[in-house]
Amino acid sequence: MSKAIITRNLTKRFGDFIATNAITFDVEQGEIFGFLGANGAGKTTAMRMLCGLLKPSSGEATVAGFNIFTQTEQVKRRIGYMSQKFSLYEDLTVKENIRFYGGIYGLSHQQIKSKTEELLGKLQLQQEAGQLVSSLPLGWKQKLSFSIAVLHNPSIVFLDEPTGGVDPITRRQFWDLIYEAADRGVTIFVTTHYMDEAEYCNRISIMVDGKIKALDTPAKLKEQYQAASMNDVFLQLARAKPGENNSSS
Amino acid sequence: MQPIVIENVHKRFGDVKALHDISFSVEQGELFGLIGPDGAGKSTLFRILATLLLADQGSAFVNGLHVVKDYKAIRRQVGYMPGRFSLYQDLTIEENLNFFATIFKTSVEENYDLIKDIYEQIAPFKGRPAGKLSGGMKQKLALCCALVHKPAVLFLDEPTTGVDPVSRKEFWEMLQRLRQKGIPILVSTPYMDEAMLCDRVALIQKGEIMQINTPGNIVKSYGKKIWAMRADNMFRLIRDLRAFEGTDSCFAFGEYLHVTLHVPVEKVQAYLTPLQHGNLVIKPAQPGIEDAFMQLMQEQNETV
(Lines give C-alpha, C1' and ligand atoms only; values in the text may rest on other atoms or scores of the structure.)
Protein backbone atom coordinates (compact mmCIF):
# COMPACT_ATOMS: atom_id res chain seq x y z
CA MET A 1 0.00 0.00 0.00
CA SER A 2 1.43 3.34 -0.98
CA LYS A 3 1.47 6.43 1.19
CA ALA A 4 -0.72 9.33 0.17
CA ILE A 5 0.99 11.79 2.50
CA ILE A 6 4.36 11.61 4.26
CA THR A 7 5.59 14.43 6.48
CA ARG A 8 8.81 14.59 8.51
CA ASN A 9 9.31 17.48 10.94
CA LEU A 10 7.27 19.76 8.74
CA THR A 11 7.51 23.28 10.13
CA LYS A 12 6.19 26.72 9.27
CA ARG A 13 7.27 29.91 10.97
CA PHE A 14 5.76 33.35 10.60
CA GLY A 15 8.39 35.64 12.07
CA ASP A 16 9.11 34.28 15.53
CA PHE A 17 5.74 32.51 15.71
CA ILE A 18 5.80 28.77 14.92
CA ALA A 19 2.42 27.94 13.41
CA THR A 20 3.26 24.31 12.58
CA ASN A 21 5.97 22.80 14.71
CA ALA A 22 7.82 19.75 13.33
CA ILE A 23 4.84 17.56 12.53
CA THR A 24 5.52 13.99 11.42
CA PHE A 25 2.87 11.58 10.18
CA ASP A 26 1.88 9.30 7.27
CA VAL A 27 -1.50 8.89 5.62
CA GLU A 28 -2.24 5.68 3.70
CA GLN A 29 -3.85 5.68 0.28
CA GLY A 30 -7.64 5.27 0.65
CA GLU A 31 -7.65 6.24 4.30
CA ILE A 32 -10.09 8.71 5.90
CA PHE A 33 -7.77 10.81 8.03
CA GLY A 34 -9.26 13.30 10.49
CA PHE A 35 -7.08 16.32 11.19
CA LEU A 36 -8.36 17.86 14.42
CA GLY A 37 -7.30 20.71 16.65
CA ALA A 38 -8.53 23.82 18.41
CA ASN A 39 -8.95 27.12 16.56
CA GLY A 40 -5.48 28.46 15.96
CA ALA A 41 -3.69 25.14 16.58
CA GLY A 42 -2.07 25.29 13.14
CA LYS A 43 -4.35 23.04 11.07
CA THR A 44 -5.00 25.48 8.25
CA THR A 45 -1.30 26.33 7.93
CA ALA A 46 -0.40 22.63 7.73
CA MET A 47 -3.14 22.00 5.20
CA ARG A 48 -2.05 24.90 3.00
CA MET A 49 1.49 23.54 2.94
CA LEU A 50 0.27 20.07 1.98
CA CYS A 51 -1.79 21.56 -0.85
CA GLY A 52 1.27 23.29 -2.27
CA LEU A 53 -0.07 26.76 -1.46
CA LEU A 54 2.42 27.73 1.23
CA LYS A 55 6.14 27.10 1.33
CA PRO A 56 7.25 25.26 4.49
CA SER A 57 10.10 26.71 6.57
CA SER A 58 11.77 23.34 7.16
CA GLY A 59 11.21 19.60 7.25
CA GLU A 60 10.15 17.27 4.47
CA ALA A 61 6.86 16.16 2.95
CA THR A 62 5.43 14.43 -0.06
CA VAL A 63 1.82 14.42 -1.21
CA ALA A 64 0.73 11.84 -3.80
CA GLY A 65 4.44 11.09 -4.23
CA PHE A 66 5.44 14.67 -5.05
CA ASN A 67 7.64 16.94 -2.99
CA ILE A 68 5.74 19.91 -1.55
CA PHE A 69 8.86 22.10 -1.64
CA THR A 70 9.81 21.59 -5.26
CA GLN A 71 6.86 20.01 -7.08
CA THR A 72 3.90 22.12 -6.01
CA GLU A 73 2.34 22.17 -9.49
CA GLN A 74 2.30 18.37 -9.68
CA VAL A 75 0.85 18.25 -6.15
CA LYS A 76 -1.97 20.63 -7.12
CA ARG A 77 -2.92 18.48 -10.10
CA ARG A 78 -3.20 15.34 -7.98
CA ILE A 79 -5.34 16.76 -5.16
CA GLY A 80 -8.86 18.06 -4.68
CA TYR A 81 -9.72 20.79 -2.17
CA MET A 82 -12.95 21.94 -0.62
CA SER A 83 -13.44 24.42 2.19
CA GLN A 84 -16.38 25.76 4.09
CA LYS A 85 -16.00 28.99 2.16
CA PHE A 86 -17.26 27.77 -1.16
CA SER A 87 -15.18 27.78 -4.19
CA LEU A 88 -18.27 27.50 -6.38
CA TYR A 89 -19.25 30.49 -8.52
CA GLU A 90 -22.58 31.67 -7.19
CA ASP A 91 -23.51 33.49 -10.39
CA LEU A 92 -22.88 30.49 -12.62
CA THR A 93 -25.36 27.64 -12.97
CA VAL A 94 -24.72 24.16 -11.58
CA LYS A 95 -23.78 22.90 -15.03
CA GLU A 96 -21.56 25.88 -15.78
CA ASN A 97 -19.65 25.36 -12.55
CA ILE A 98 -18.99 21.74 -13.44
CA ARG A 99 -17.86 22.72 -16.95
CA PHE A 100 -15.67 25.51 -15.61
CA TYR A 101 -13.84 23.30 -13.10
CA GLY A 102 -13.59 20.48 -15.64
CA GLY A 103 -11.80 22.93 -17.90
CA ILE A 104 -9.52 24.16 -15.10
CA TYR A 105 -8.55 20.57 -14.31
CA GLY A 106 -7.80 19.95 -17.97
CA LEU A 107 -10.52 17.42 -18.72
CA SER A 108 -11.51 16.91 -22.36
CA HIS A 109 -14.84 18.06 -23.75
CA GLN A 110 -16.03 14.46 -23.82
CA GLN A 111 -14.91 13.79 -20.25
CA ILE A 112 -16.65 16.93 -18.99
CA LYS A 113 -19.85 15.88 -20.72
CA SER A 114 -19.90 12.39 -19.24
CA LYS A 115 -18.78 13.63 -15.79
CA THR A 116 -21.57 16.21 -15.79
CA GLU A 117 -24.22 13.57 -16.51
CA GLU A 118 -22.77 11.21 -13.91
CA LEU A 119 -22.54 13.88 -11.23
CA LEU A 120 -25.99 15.38 -11.79
CA GLY A 121 -27.45 11.88 -11.68
CA LYS A 122 -25.65 10.92 -8.51
CA LEU A 123 -26.62 14.11 -6.68
CA GLN A 124 -30.11 14.07 -8.20
CA LEU A 125 -29.59 17.60 -9.42
CA GLN A 126 -30.83 17.09 -13.02
CA GLN A 127 -33.75 19.45 -12.38
CA GLU A 128 -31.47 22.14 -11.03
CA ALA A 129 -28.71 21.85 -13.65
CA GLY A 130 -29.66 25.19 -15.20
CA GLN A 131 -30.15 27.05 -11.91
CA LEU A 132 -27.71 29.52 -10.45
CA VAL A 133 -25.68 28.03 -7.62
CA SER A 134 -26.71 30.98 -5.41
CA SER A 135 -30.29 29.64 -5.41
CA LEU A 136 -29.35 26.20 -4.04
CA PRO A 137 -29.76 25.27 -0.37
CA LEU A 138 -26.52 25.14 1.60
CA GLY A 139 -26.47 21.34 1.84
CA TRP A 140 -26.70 20.92 -1.93
CA LYS A 141 -23.93 23.44 -2.48
CA GLN A 142 -21.70 21.42 -0.17
CA LYS A 143 -22.44 18.17 -1.95
CA LEU A 144 -21.86 19.81 -5.33
CA SER A 145 -18.69 21.43 -4.05
CA PHE A 146 -17.35 18.06 -2.90
CA SER A 147 -18.25 16.37 -6.16
CA ILE A 148 -16.45 19.09 -8.10
CA ALA A 149 -13.40 18.73 -5.84
CA VAL A 150 -13.11 15.09 -6.96
CA LEU A 151 -14.10 15.74 -10.61
CA HIS A 152 -10.57 15.14 -11.91
CA ASN A 153 -10.18 11.87 -9.96
CA PRO A 154 -7.57 13.18 -7.54
CA SER A 155 -5.81 10.63 -5.37
CA ILE A 156 -6.30 12.83 -2.27
CA VAL A 157 -9.00 15.29 -1.34
CA PHE A 158 -8.57 17.91 1.38
CA LEU A 159 -11.77 18.94 3.16
CA ASP A 160 -11.57 21.96 5.47
CA GLU A 161 -14.61 21.90 7.80
CA PRO A 162 -16.87 20.75 5.01
CA THR A 163 -20.07 20.30 7.05
CA GLY A 164 -20.33 23.50 9.15
CA GLY A 165 -23.89 24.70 9.67
CA VAL A 166 -25.79 22.08 7.68
CA ASP A 167 -28.74 20.13 9.05
CA PRO A 168 -28.10 16.73 10.65
CA ILE A 169 -29.51 14.71 7.75
CA THR A 170 -27.53 16.58 5.09
CA ARG A 171 -24.40 16.29 7.22
CA ARG A 172 -24.76 12.50 7.15
CA GLN A 173 -25.52 12.44 3.45
CA PHE A 174 -22.30 14.36 2.98
CA TRP A 175 -20.43 11.68 4.89
CA ASP A 176 -22.02 9.07 2.61
CA LEU A 177 -20.21 10.82 -0.24
CA ILE A 178 -16.95 10.75 1.72
CA TYR A 179 -17.28 7.04 2.52
CA GLU A 180 -18.08 6.29 -1.10
CA ALA A 181 -15.02 8.19 -2.35
CA ALA A 182 -12.80 6.43 0.19
CA ASP A 183 -14.26 3.11 -0.95
CA ARG A 184 -13.08 3.97 -4.50
CA GLY A 185 -9.58 4.43 -3.06
CA VAL A 186 -9.54 8.24 -2.73
CA THR A 187 -7.63 9.41 0.34
CA ILE A 188 -9.66 11.79 2.50
CA PHE A 189 -7.94 14.40 4.66
CA VAL A 190 -10.63 16.19 6.67
CA THR A 191 -10.91 18.78 9.44
CA THR A 192 -14.07 19.14 11.51
CA HIS A 193 -15.38 20.57 14.76
CA TYR A 194 -18.04 17.86 15.02
CA MET A 195 -16.58 15.21 17.28
CA ASP A 196 -19.07 12.56 16.13
CA GLU A 197 -17.53 12.97 12.69
CA ALA A 198 -14.12 12.24 14.14
CA GLU A 199 -15.48 8.74 14.81
CA TYR A 200 -16.09 8.21 11.09
CA CYS A 201 -12.38 8.54 10.35
CA ASN A 202 -10.02 5.57 10.16
CA ARG A 203 -7.40 7.51 12.10
CA ILE A 204 -7.23 10.97 13.56
CA SER A 205 -4.55 13.36 14.70
CA ILE A 206 -5.10 16.10 17.25
CA MET A 207 -2.99 19.24 16.99
CA VAL A 208 -2.28 21.46 19.99
CA ASP A 209 -0.18 24.62 19.69
CA GLY A 210 1.37 23.64 16.37
CA LYS A 211 2.28 20.08 17.37
CA ILE A 212 0.58 16.74 16.86
CA LYS A 213 -0.30 15.62 20.38
CA ALA A 214 -2.06 12.37 19.51
CA LEU A 215 -2.51 10.17 16.47
CA ASP A 216 -4.36 6.86 16.31
CA THR A 217 -7.69 5.21 15.55
CA PRO A 218 -10.67 6.71 17.42
CA ALA A 219 -11.06 3.46 19.40
CA LYS A 220 -7.43 3.43 20.55
CA LEU A 221 -7.45 7.11 21.47
CA LYS A 222 -10.55 6.63 23.60
CA GLU A 223 -8.90 3.69 25.29
CA GLN A 224 -5.63 5.57 25.85
CA TYR A 225 -7.36 8.60 27.40
CA GLN A 226 -10.01 6.53 29.14
CA ALA A 227 -12.66 8.65 27.51
CA ALA A 228 -16.25 7.77 26.61
CA SER A 229 -16.23 9.83 23.43
CA MET A 230 -13.91 11.66 21.07
CA ASN A 231 -15.25 14.87 22.53
CA ASP A 232 -13.74 13.88 25.90
CA VAL A 233 -10.43 12.98 24.26
CA PHE A 234 -10.39 16.34 22.53
CA LEU A 235 -11.22 18.27 25.69
CA GLN A 236 -8.46 16.49 27.62
CA LEU A 237 -5.83 17.23 24.99
CA ALA A 238 -6.80 20.63 23.74
CA ARG A 239 -8.10 22.29 26.88
CA ALA A 240 -7.24 25.90 26.24
CA LYS A 241 -4.70 27.42 28.54
CA PRO A 242 -5.24 30.91 29.93
CA GLY A 243 -2.31 32.15 27.87
CA GLU A 244 -3.89 31.38 24.52
CA ASN A 245 -1.34 33.00 22.30
CA ASN A 246 -2.42 32.28 18.79
CA SER A 247 -3.58 34.77 16.27
CA SER A 248 -4.69 32.59 13.40
CA SER A 249 -7.93 30.66 13.44
CA MET B 1 -43.79 40.25 32.08
CA GLN B 2 -42.20 37.88 29.58
CA PRO B 3 -39.01 39.44 28.19
CA ILE B 4 -39.57 38.11 24.66
CA VAL B 5 -42.96 37.51 23.06
CA ILE B 6 -43.34 36.53 19.41
CA GLU B 7 -46.83 36.30 17.91
CA ASN B 8 -47.54 34.76 14.50
CA VAL B 9 -44.55 36.29 12.77
CA HIS B 10 -44.21 35.78 9.01
CA LYS B 11 -41.41 36.94 6.74
CA ARG B 12 -40.79 36.31 3.05
CA PHE B 13 -37.88 37.25 0.83
CA GLY B 14 -39.29 37.01 -2.69
CA ASP B 15 -40.33 33.39 -3.11
CA VAL B 16 -38.46 32.25 -0.03
CA LYS B 17 -40.53 31.68 3.07
CA ALA B 18 -37.95 32.71 5.68
CA LEU B 19 -40.34 32.56 8.66
CA HIS B 20 -43.77 31.01 8.73
CA ASP B 21 -46.15 31.67 11.61
CA ILE B 22 -43.60 31.79 14.41
CA SER B 23 -44.97 32.16 17.94
CA PHE B 24 -43.26 31.63 21.27
CA SER B 25 -42.32 33.44 24.47
CA VAL B 26 -39.20 33.43 26.57
CA GLU B 27 -39.65 33.52 30.34
CA GLN B 28 -37.79 35.74 32.79
CA GLY B 29 -34.29 34.39 33.43
CA GLU B 30 -34.64 31.66 30.83
CA LEU B 31 -31.91 30.37 28.52
CA PHE B 32 -33.87 29.64 25.35
CA GLY B 33 -32.27 27.91 22.38
CA LEU B 34 -33.22 28.25 18.74
CA ILE B 35 -31.87 25.06 17.22
CA GLY B 36 -31.62 24.59 13.48
CA PRO B 37 -29.29 24.50 10.47
CA ASP B 38 -28.19 27.40 8.26
CA GLY B 39 -31.13 28.75 6.32
CA ALA B 40 -33.72 27.72 8.94
CA GLY B 41 -34.67 31.36 9.59
CA LYS B 42 -32.84 31.90 12.88
CA SER B 43 -31.00 35.08 11.89
CA THR B 44 -34.12 36.56 10.30
CA LEU B 45 -35.94 36.16 13.60
CA PHE B 46 -33.07 37.79 15.51
CA ARG B 47 -33.04 40.73 13.11
CA ILE B 48 -36.78 41.24 13.60
CA LEU B 49 -36.37 41.13 17.40
CA ALA B 50 -33.39 43.48 17.26
CA THR B 51 -35.56 45.95 15.27
CA LEU B 52 -33.36 45.70 12.18
CA LEU B 53 -35.96 44.06 9.93
CA LEU B 54 -39.74 44.37 9.63
CA ALA B 55 -41.94 41.29 9.77
CA ASP B 56 -44.54 40.93 7.00
CA GLN B 57 -47.18 39.87 9.51
CA GLY B 58 -47.46 39.32 13.23
CA SER B 59 -45.90 41.20 16.10
CA ALA B 60 -43.14 40.84 18.62
CA PHE B 61 -42.32 42.40 21.98
CA VAL B 62 -39.00 42.71 23.73
CA ASN B 63 -39.12 43.62 27.39
CA GLY B 64 -42.72 44.66 26.88
CA LEU B 65 -41.85 47.02 24.04
CA HIS B 66 -43.15 46.67 20.48
CA VAL B 67 -40.44 45.96 17.90
CA VAL B 68 -41.80 48.54 15.45
CA LYS B 69 -43.38 51.27 17.57
CA ASP B 70 -40.75 51.24 20.29
CA TYR B 71 -37.70 50.35 18.25
CA LYS B 72 -35.50 53.10 19.69
CA ALA B 73 -36.14 52.04 23.27
CA ILE B 74 -35.50 48.38 22.43
CA ARG B 75 -32.14 49.19 20.86
CA ARG B 76 -30.99 50.74 24.12
CA GLN B 77 -32.07 47.72 26.17
CA VAL B 78 -30.88 44.69 24.25
CA GLY B 79 -27.49 43.12 23.76
CA TYR B 80 -27.18 41.65 20.28
CA MET B 81 -24.35 39.49 19.01
CA PRO B 82 -24.93 38.93 15.29
CA GLY B 83 -23.85 35.73 13.55
CA ARG B 84 -21.17 37.43 11.55
CA PHE B 85 -18.28 38.86 13.59
CA SER B 86 -19.13 42.54 13.55
CA LEU B 87 -16.69 44.28 15.82
CA TYR B 88 -14.12 46.70 14.48
CA GLN B 89 -11.27 44.48 13.28
CA ASP B 90 -8.69 47.27 13.37
CA LEU B 91 -9.56 48.40 16.89
CA THR B 92 -8.03 46.58 19.83
CA ILE B 93 -9.96 44.56 22.38
CA GLU B 94 -9.90 47.50 24.77
CA GLU B 95 -10.88 50.05 22.12
CA ASN B 96 -13.83 47.95 20.94
CA LEU B 97 -15.12 47.57 24.45
CA ASN B 98 -14.78 51.28 25.26
CA PHE B 99 -16.42 52.16 21.97
CA PHE B 100 -19.51 50.06 22.69
CA ALA B 101 -19.71 51.36 26.25
CA THR B 102 -19.59 54.95 24.98
CA ILE B 103 -22.24 54.33 22.31
CA PHE B 104 -24.57 53.15 25.07
CA LYS B 105 -23.65 56.15 27.25
CA THR B 106 -22.02 54.06 29.93
CA SER B 107 -18.50 52.98 30.86
CA VAL B 108 -16.71 49.67 31.13
CA GLU B 109 -16.22 50.28 34.87
CA GLU B 110 -19.93 50.81 35.53
CA ASN B 111 -21.00 47.27 34.64
CA TYR B 112 -17.66 45.58 35.05
CA ASP B 113 -19.01 42.89 37.39
CA LEU B 114 -21.14 41.56 34.54
CA ILE B 115 -18.27 41.08 32.10
CA LYS B 116 -15.44 40.49 34.58
CA ASP B 117 -15.41 36.67 34.23
CA ILE B 118 -15.25 36.81 30.47
CA TYR B 119 -13.08 39.88 30.07
CA GLU B 120 -10.35 38.54 32.35
CA GLN B 121 -9.79 35.68 29.91
CA ILE B 122 -8.97 38.06 27.07
CA ALA B 123 -7.50 40.95 29.09
CA PRO B 124 -3.88 39.77 28.60
CA PHE B 125 -4.35 40.59 24.89
CA LYS B 126 -6.26 43.83 25.29
CA GLY B 127 -3.88 45.71 23.02
CA ARG B 128 -4.35 43.30 20.12
CA PRO B 129 -6.58 44.25 17.15
CA ALA B 130 -9.86 42.30 17.13
CA GLY B 131 -9.13 41.08 13.60
CA LYS B 132 -6.05 39.22 14.85
CA LEU B 133 -7.79 37.17 17.54
CA SER B 134 -8.54 33.45 17.36
CA GLY B 135 -12.15 32.32 16.90
CA GLY B 136 -12.74 31.64 20.58
CA MET B 137 -11.30 34.98 21.70
CA LYS B 138 -13.36 36.90 19.13
CA GLN B 139 -16.51 35.32 20.52
CA LYS B 140 -15.57 36.28 24.08
CA LEU B 141 -14.91 39.88 23.05
CA ALA B 142 -18.16 40.05 21.10
CA LEU B 143 -20.03 38.78 24.15
CA CYS B 144 -18.37 41.43 26.36
CA CYS B 145 -19.38 44.15 23.88
CA ALA B 146 -22.98 42.88 23.85
CA LEU B 147 -23.07 42.95 27.66
CA VAL B 148 -21.25 46.17 28.42
CA HIS B 149 -24.43 48.27 28.78
CA LYS B 150 -26.10 45.70 31.05
CA PRO B 151 -28.85 44.74 28.63
CA ALA B 152 -32.27 43.57 29.80
CA VAL B 153 -32.29 40.83 27.14
CA LEU B 154 -29.45 39.10 25.32
CA PHE B 155 -29.67 37.92 21.69
CA LEU B 156 -26.88 35.62 20.57
CA ASP B 157 -27.00 34.49 16.95
CA GLU B 158 -24.83 31.40 16.46
CA PRO B 159 -22.10 32.42 18.89
CA THR B 160 -20.34 29.05 18.62
CA THR B 161 -20.41 28.35 14.90
CA GLY B 162 -16.95 27.43 13.62
CA VAL B 163 -15.57 27.45 17.15
CA ASP B 164 -13.68 24.39 18.41
CA PRO B 165 -15.17 22.10 21.10
CA VAL B 166 -13.01 23.53 23.91
CA SER B 167 -14.04 27.13 23.23
CA ARG B 168 -17.65 26.06 22.73
CA LYS B 169 -17.68 24.42 26.13
CA GLU B 170 -16.21 27.53 27.77
CA PHE B 171 -18.70 29.76 25.99
CA TRP B 172 -21.65 27.75 27.28
CA GLU B 173 -20.26 27.84 30.80
CA MET B 174 -20.27 31.63 30.52
CA LEU B 175 -23.90 31.58 29.35
CA GLN B 176 -24.88 29.46 32.36
CA ARG B 177 -23.31 32.03 34.68
CA LEU B 178 -25.10 34.90 32.92
CA ARG B 179 -28.39 33.09 33.28
CA GLN B 180 -27.76 32.81 37.00
CA LYS B 181 -27.50 36.59 37.02
CA GLY B 182 -31.07 36.65 35.72
CA ILE B 183 -30.52 37.85 32.15
CA PRO B 184 -32.92 36.18 29.72
CA ILE B 185 -31.00 34.81 26.76
CA LEU B 186 -32.18 33.80 23.30
CA VAL B 187 -29.36 31.87 21.62
CA SER B 188 -29.26 30.07 18.29
CA THR B 189 -27.03 27.20 17.26
CA PRO B 190 -26.70 24.58 14.54
CA TYR B 191 -25.01 22.22 17.04
CA MET B 192 -27.65 19.83 18.31
CA ASP B 193 -25.68 18.83 21.42
CA GLU B 194 -25.88 22.43 22.68
CA ALA B 195 -29.66 22.13 22.89
CA MET B 196 -29.19 20.03 26.03
CA LEU B 197 -27.68 23.07 27.79
CA CYS B 198 -30.81 25.23 27.34
CA ASP B 199 -33.87 25.47 29.60
CA ARG B 200 -36.17 25.20 26.60
CA VAL B 201 -35.57 24.97 22.88
CA ALA B 202 -37.42 25.57 19.65
CA LEU B 203 -36.38 23.22 16.86
CA ILE B 204 -36.57 25.25 13.66
CA GLN B 205 -36.21 24.17 10.04
CA LYS B 206 -37.24 25.84 6.76
CA GLY B 207 -38.78 28.80 8.56
CA GLU B 208 -41.08 26.71 10.73
CA ILE B 209 -40.89 25.67 14.34
CA MET B 210 -41.15 21.89 14.51
CA GLN B 211 -41.32 21.61 18.29
CA ILE B 212 -40.92 23.71 21.45
CA ASN B 213 -40.18 22.02 24.75
CA THR B 214 -37.49 21.30 27.30
CA PRO B 215 -34.65 19.24 25.79
CA GLY B 216 -35.54 16.40 28.16
CA ASN B 217 -39.15 16.28 26.98
CA ILE B 218 -38.14 16.45 23.32
CA VAL B 219 -35.95 13.39 23.76
CA LYS B 220 -38.73 11.65 25.71
CA SER B 221 -41.27 12.33 22.98
CA TYR B 222 -39.13 10.49 20.44
CA GLY B 223 -41.36 7.54 19.79
CA LYS B 224 -39.21 4.94 18.09
CA LYS B 225 -36.85 2.26 19.32
CA ILE B 226 -33.28 2.94 18.27
CA TRP B 227 -30.64 0.27 17.70
CA ALA B 228 -26.95 1.09 17.75
CA MET B 229 -24.99 -1.01 15.28
CA ARG B 230 -21.39 -1.20 14.22
CA ALA B 231 -19.01 -3.46 12.32
CA ASP B 232 -15.48 -3.33 10.98
CA ASN B 233 -16.53 -1.96 7.61
CA MET B 234 -19.05 0.76 8.44
CA PHE B 235 -19.61 1.85 4.86
CA ARG B 236 -20.63 -1.68 3.83
CA LEU B 237 -22.85 -1.97 6.91
CA ILE B 238 -24.64 1.28 6.01
CA ARG B 239 -25.24 0.08 2.47
CA ASP B 240 -26.43 -3.34 3.58
CA LEU B 241 -28.82 -1.88 6.15
CA ARG B 242 -30.26 0.63 3.71
CA ALA B 243 -30.85 -2.18 1.22
CA PHE B 244 -32.84 -4.13 3.86
CA GLU B 245 -36.59 -3.67 3.51
CA GLY B 246 -37.16 -3.80 7.27
CA THR B 247 -34.99 -0.71 7.82
CA ASP B 248 -36.88 2.50 8.55
CA SER B 249 -33.87 4.80 8.87
CA CYS B 250 -30.12 4.33 9.14
CA PHE B 251 -27.77 7.17 10.03
CA ALA B 252 -24.19 7.38 11.26
CA PHE B 253 -23.93 8.57 14.88
CA GLY B 254 -20.29 8.71 15.82
CA GLU B 255 -18.95 5.29 16.61
CA TYR B 256 -22.28 3.56 15.88
CA LEU B 257 -25.09 3.72 13.37
CA HIS B 258 -28.51 4.62 14.70
CA VAL B 259 -31.04 2.35 13.06
CA THR B 260 -34.83 2.28 13.37
CA LEU B 261 -36.77 -0.72 12.11
CA HIS B 262 -40.18 -1.77 10.83
CA VAL B 263 -39.45 -5.35 11.90
CA PRO B 264 -38.20 -7.07 15.06
CA VAL B 265 -34.43 -6.79 15.55
CA GLU B 266 -34.01 -10.56 15.13
CA LYS B 267 -34.92 -10.14 11.45
CA VAL B 268 -32.00 -7.75 10.96
CA GLN B 269 -29.66 -10.12 12.73
CA ALA B 270 -30.84 -12.94 10.46
CA TYR B 271 -30.34 -10.71 7.41
CA LEU B 272 -26.87 -9.52 8.40
CA THR B 273 -25.38 -12.83 9.58
CA PRO B 274 -24.78 -14.35 6.10
CA LEU B 275 -23.23 -11.04 4.98
CA GLN B 276 -20.30 -11.79 7.30
CA HIS B 277 -19.60 -8.45 8.89
CA GLY B 278 -16.56 -8.54 11.18
CA ASN B 279 -17.19 -7.64 14.84
CA LEU B 280 -20.85 -6.86 14.32
CA VAL B 281 -22.45 -5.25 17.38
CA ILE B 282 -26.19 -4.61 17.74
CA LYS B 283 -27.50 -3.09 20.96
CA PRO B 284 -30.31 -0.80 22.12
CA ALA B 285 -29.51 2.92 22.19
CA GLN B 286 -30.97 5.99 23.85
CA PRO B 287 -32.23 8.68 21.46
CA GLY B 288 -30.77 12.18 21.63
CA ILE B 289 -31.90 15.61 20.44
CA GLU B 290 -30.35 14.96 17.05
CA ASP B 291 -32.43 11.79 16.54
CA ALA B 292 -35.54 13.79 17.44
CA PHE B 293 -34.58 16.64 15.12
CA MET B 294 -34.00 14.29 12.21
CA GLN B 295 -37.29 12.51 12.76
CA LEU B 296 -39.17 15.83 12.88
CA MET B 297 -37.36 16.96 9.70
CA GLN B 298 -38.48 13.84 7.89
CA GLU B 299 -42.07 14.31 9.06
CA GLN B 300 -41.94 17.92 7.87
CA ASN B 301 -40.61 16.85 4.47
CA GLU B 302 -43.40 14.28 4.13
CA THR B 303 -46.14 16.79 4.85
CA VAL B 304 -44.83 19.52 2.53
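Throughout, protein chains are lettered first and strands after them, A, B, ... in sequence-line order, and every chain is numbered starting at 1.
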Structural part of [X] lying under 4.5 Å from a heavy atom of chain A:
| X | result |
| --- | --- |
| B/V16 | neither |
| B/E158 | neither |
| B/M294 | both |
| B/R239 | side chain |
| B/R242 | side chain |

**Asked** With a 4.5 angstrom heavy-atom cut-off, which part of A/E180 approaches chain B: side chain, backbone, both or neither?
**Response** both
**Region of A/P218 in contact with chain B, defined by heavy-atom distances below 4.5 Å** = neither
If you count heavy-atom pairs under 4.5 Å between each of [options] and chain A, which one has the most?
| options | value |
| --- | --- |
| B/K169, B/Q205, B/E120, B/R236 | B/K169 |
| B/T189, B/I238, B/V163, B/D193 | B/V163 |
| B/Y256, B/F235, B/Y191 | B/F235 |

Among side-chain atoms of [X] and [Y], is any donor-acceptor pair under 3.5 angstrom?
| X | Y | value |
| --- | --- | --- |
| A/T192 | A/E197 | yes |
| A/E31 | A/T187 | no |
| B/K206 | B/N301 | yes |

**Message:** Please enumerate all residues that pass ring-ring contact (aromatic ring centres under 6.0 Å, His included) together with B/F253, with sequence neighbours excluded.
**Reply:** B/H258
**Message:** Ring centres under 6.0 Å, that's the criterion: do A/F158 and A/F35 meet it?
**Reply:** no
**Fill in**
Taken in chain and number order and not counting sequence neighbours, the residues that satisfy side chain to side chain contact (heavy atoms under 4.5 Å, CB included) with A/A181 are A/F146, A/R184, A/V186, A/I188
**Request:** Please examine the side chains of A/L151 and A/S147, heavy atoms only from C-beta on, and report whether any two atoms are closer than 4.5 Å.
**Result:** no
**Fill in**
Comparing A/D183, A/V166, A/N231 against chain B, the one with the most heavy-atom pairs below 4.5 Å turns out to be A/D183
